[in-house]
Asks: 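Below is one structure. I have some questions about it.
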Number of protein chains: 2
Amino acid sequence: MATKNQASGGVSRQVLADHVYEALLVALMDGRLEAGTPVSIDGMARELDVSPTPVREALARLEATGMVRRMALRGYRVAPLFTPDELADLMDARLVIEPANAFMACKHAGQELTGQLEQAIEDLKAAPRGPSFAEFRAYWEADERFHRLIAESAANQFLLSAYNALGGQVQRFRFFGGLGVTDADFAIAEHTEILKAFEAGDPELARQKMIDHIEGVKQRSQHDSEVRS
Amino acid sequence: MATKNQASGGVSRQVLADHVYEALLVALMDGRLEAGTPVSIDGMARELDVSPTPVREALARLEATGMVRRMALRGYRVAPLFTPDELADLMDARLVIEPANAFMACKHAGQELTGQLEQAIEDLKAAPRGPSFAEFRAYWEADERFHRLIAESAANQFLLSAYNALGGQVQRFRFFGGLGVTDADFAIAEHTEILKAFEAGDPELARQKMIDHIEGVKQRSQHDSEVRS
DNA sequence: GTACCGTAGATCCTATAGGAAATGCGATTC
DNA sequence: GAATCGCATTTCCTATAGGATCTACGGTAC
């Protein structure tokens, strides 16, 4: 496996646990680690050519994201995929948090933010839409960036933590990874509406447009769930 | 199968990292570990008479709660106390999440839940109100239980995760730990209002009463902040 | 044929040891 | 008197080894 020692700064010494964490995350996102698969500490250590200790630390951190689950004395397993009901619950939770984020972010919004949001939308338009993980990843990254920019611009560390706690954002990636992009045109249009509200400096409108967007995602994801099953 | 050496009853082998985690949590809550204090892995291992490995794992988990912070290659430190502004942000975040929890929980509410909520209020009334940690802890426990019951009864794992992400609930304990209980009478009255809404089966009212409660907590906490400073 | 038991393998958990980096302190030099 | 260099100590990070536990498989008895 190609070594990524080129991290800037010339810091020769890096924390191995961080590399392991990244490697596991990529493996989870790429679907190499399927839902329910046990993640052996020793086995992963052999595979990544490190000792079990950093693997243990990386898994302890991953557990907080919900990507893996730990059973005492029985090791770790990849968390199961979402059921359609859980997906609906995730959208309900997003409906609680993200409109509030949009409202607050809009109050602090400036040129810089709207520019970055616009860039995220452009990237969304440019992203390929095929079903392969590599293709989907670019799309997902632009989508995630749009929402994260808003969450961060709300300037409230606790709301940001709450947003991050919806680790399902990543799970969602896994869910649709094999399905491809099905709602790109809708998402682009809805994101644009949100951006307009930001440019107009209308927090209440931004909140409403975010609600509209997530409601749309919810409905479309439920439809996709039926297709999948 | 006579042998049930697996879970609860078995004293045989508990995971050491869990004990370390608990010990650190108690030390943080009791104020033995003050804000900003570095938490040495080796030192803590010596103090608890274990090897550094389980300490490392416990700290990795604690980091996700926000109680400690990790700086790569420089170890862990106890997270700083909240400033009044941060406390206000925490209350704003609670205002986003907890009213929604109350609304949803009320829709599923039954005899069992209202009984447990009532018990939590009774415990709140009975709790001592002195400034010592031991006294305050009982009060805090009953208060936290009330809110957590509602969060869990919302029956949405993502909203529960978001609630948990406001680890500030614990930080809040630390903040007021040295100050004692100043708003017990208000809190009891407001909790009772919420309970009434649950008993009436009125989700919208429950939402509103939760808003009122947290708004009250926010105002009173800001007043306390001024006293402290 | 079914159920129970013992052994073997794999895995997890903990402890100890060693290498590397950062911090603190003191001596030297300008 | 102030800044810089060098050394020693502390601390963190990783690797390896050993003890304990759980699972799987095969054999035996009913």
Side-chain angles (χ1 to χ4, degrees), chain A residues 1 3-25 27 33-34 36-64 67-79, chain B residues 1-25 27 32-34 36-64 67-79:
Chain A
M1 190 173 291
T3 52
K4 278 182 68 177
N5 294 347
Q6 63 169 2
S8 58
V11 181
S12 60
R13 182 176 174 78
Q14 289 193 353
V15 181
L16 268 187
D18 291 343
H19 283 178
V20 175
Y21 185 92
E22 271 298 319
L24 284 172
L25 209 57
L33 289 177
E34 290 183 10
T37 309
V39 181
S40 161
I41 294 176
D42 287 5
M44 193 55 63
R46 281 193 298 273
E47 188 170 327
L48 299 178
D49 199 35
V50 297
S51 78
T53 305
V55 176
R56 181 182 302 278
E57 184 171 338
L59 283 171
R61 276 189 249 165
L62 264 179
E63 190 194 3
M67 300 281 287
V68 300
R69 295 193 179 168
R70 170 177 176 270
M71 285 149 66
L73 299 177
R74 294 193 56 186
Y76 292 86
R77 305 180 75 86
V78 178
Chain B
M1 300 284 186
T3 55
K4 273 190 179 177
N5 47 359
Q6 187 182 355
S8 54
V11 192
S12 56
R13 261 294 171 264
Q14 193 93 1
V15 179
L16 219 50
D18 291 343
H19 282 177
V20 175
Y21 185 90
E22 272 297 321
L24 284 172
L25 209 58
R32 264 176 294 164
L33 288 177
E34 291 182 9
T37 308
V39 182
S40 161
I41 294 176
D42 287 3
M44 192 56 62
R46 281 193 299 271
E47 189 171 326
L48 298 177
D49 199 36
V50 298
S51 78
T53 305
V55 176
R56 182 181 302 276
E57 183 170 340
L59 283 171
R61 276 189 246 167
L62 264 178
E63 190 195 2
M67 300 281 288
V68 300
R69 296 193 178 166
R70 168 175 177 271
M71 286 148 67
L73 300 177
R74 296 194 55 183
Y76 292 85
R77 307 180 75 87
V78 179

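Note on naming: letters A, B, ... go to the chains in the order of the sequence lines (proteins, then strands), and numbering restarts at 1 for each one.
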Asks: Which whole-number value in Å describes the distance from R46(B) CZ to dA15(C) P?
Replies: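 For the pair R46(B) CZ and dA15(C) P, the rounded distance is 14 Å.
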Asks: Closer to the 5' end of DNA chain C via nearest nucleotide, is it S51(B) or D42(B)?
Replies: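 Result: S51(B).
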Asks: Taking CE from M44(B) and C1' from dT10(D), how many angstroms apart are they, rounded to a whole number?
Replies: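 Those two atoms, CE and C1', are 16 Å apart.
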Asks: Begin from the C-alpha positions of V39(A) and M44(A) and carry the test side-chain contact (heavy atoms from CB on, under 4.5 Å) through to its verdict.
Replies: CA-CA 7 Å; V39(A) 181; M44(A) 193 55 63; 4.0 Å; yes
Asks: Take the protein atom CZ of R77(B) and the nucleotide atom P of dT23(C), then report the distance between them rounded to whole Å.
Replies: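 Distance check: R77(B) CZ to dT23(C) P gives 11 Å.
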Asks: Find the distance Y76(B):OH to dC13(D):C1' and express it as a whole number of Å.
Replies: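 Between C1' of dC13(D) and OH of Y76(B): 11 Å.
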Asks: Give a yes/no answer on whether the side chain of S40(A) brings an N or O atom under 4.0 Å of OP1 or OP2 in dA10(C).
Replies: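 False: S40(A) side-chain N/O out of range (4.0 Å or more) of dA10(C) OP1/OP2.
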Asks: Y76(A) pairs by side chain to side chain contact (heavy atoms under 4.5 Å, CB included) with which of I41(A), T37(A), L24(A)?
Replies: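 Considering I41(A), T37(A), L24(A), a side chain to side chain contact (heavy atoms under 4.5 Å, CB included) with Y76(A) is found only for I41(A).
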Asks: Between D18(A) and R61(A), does a side-chain contact (heavy atoms from CB on, under 4.5 Å) hold up when you go through it step by step?
Replies: CA-CA 10 Å; D18(A) 291 343; R61(A) 276 189 249 165; 3.0 Å; yes
Asks: Mind running a 4.0 Å heavy-atom check of residues 52-64 of chain B against DNA chain D and sending the residues that fall below it, in number order?
Replies: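 Heavy-atom contacts with DNA chain D come from R56(B).
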Asks: Shortest non-hydrogen contact from A17(B) to A58(B)?
Replies: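 Closest approach of A17(B) to A58(B): O-CB, 3.8 Å.
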Asks: Let me know the distance between CG of D49(B) and C1' of dT14(C), rounded to the nearest Å.
Replies: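 Roughly 13 Å, once rounded to whole Å.
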Asks: Could you tell me which non-hydrogen atom of V55(B) sits nearest to which non-hydrogen atom of S51(B), and how far apart they are?
Replies: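 Closest approach of V55(B) to S51(B), heavy atoms only: CG2-O, 3.8 Å.
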Asks: Given atom CG of L16(B) and atom C1' of dT21(D), what is their separation to the nearest angstrom?
Replies: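 About 15 Å, once rounded to whole Å.
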Asks: Please give, in whole Å, the distance from dA15(D) P to I41(A) CD1?
Replies: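 For the pair I41(A) CD1 and dA15(D) P, the rounded distance is 15 Å.
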Asks: Provide, to the nearest angstrom, the distance between the CG atom belonging to D18(B) and the C1' atom belonging to dC12(C).
Replies: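 The distance from CG of D18(B) to C1' of dC12(C) comes to 14 Å, rounded to the nearest Å.
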Asks: Between R77(B) and G36(B), which heavy-atom pair has the shortest distance, and what is it?
Replies: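 Nearest heavy atoms, R77(B) then G36(B): NH2-O, 3.0 Å.
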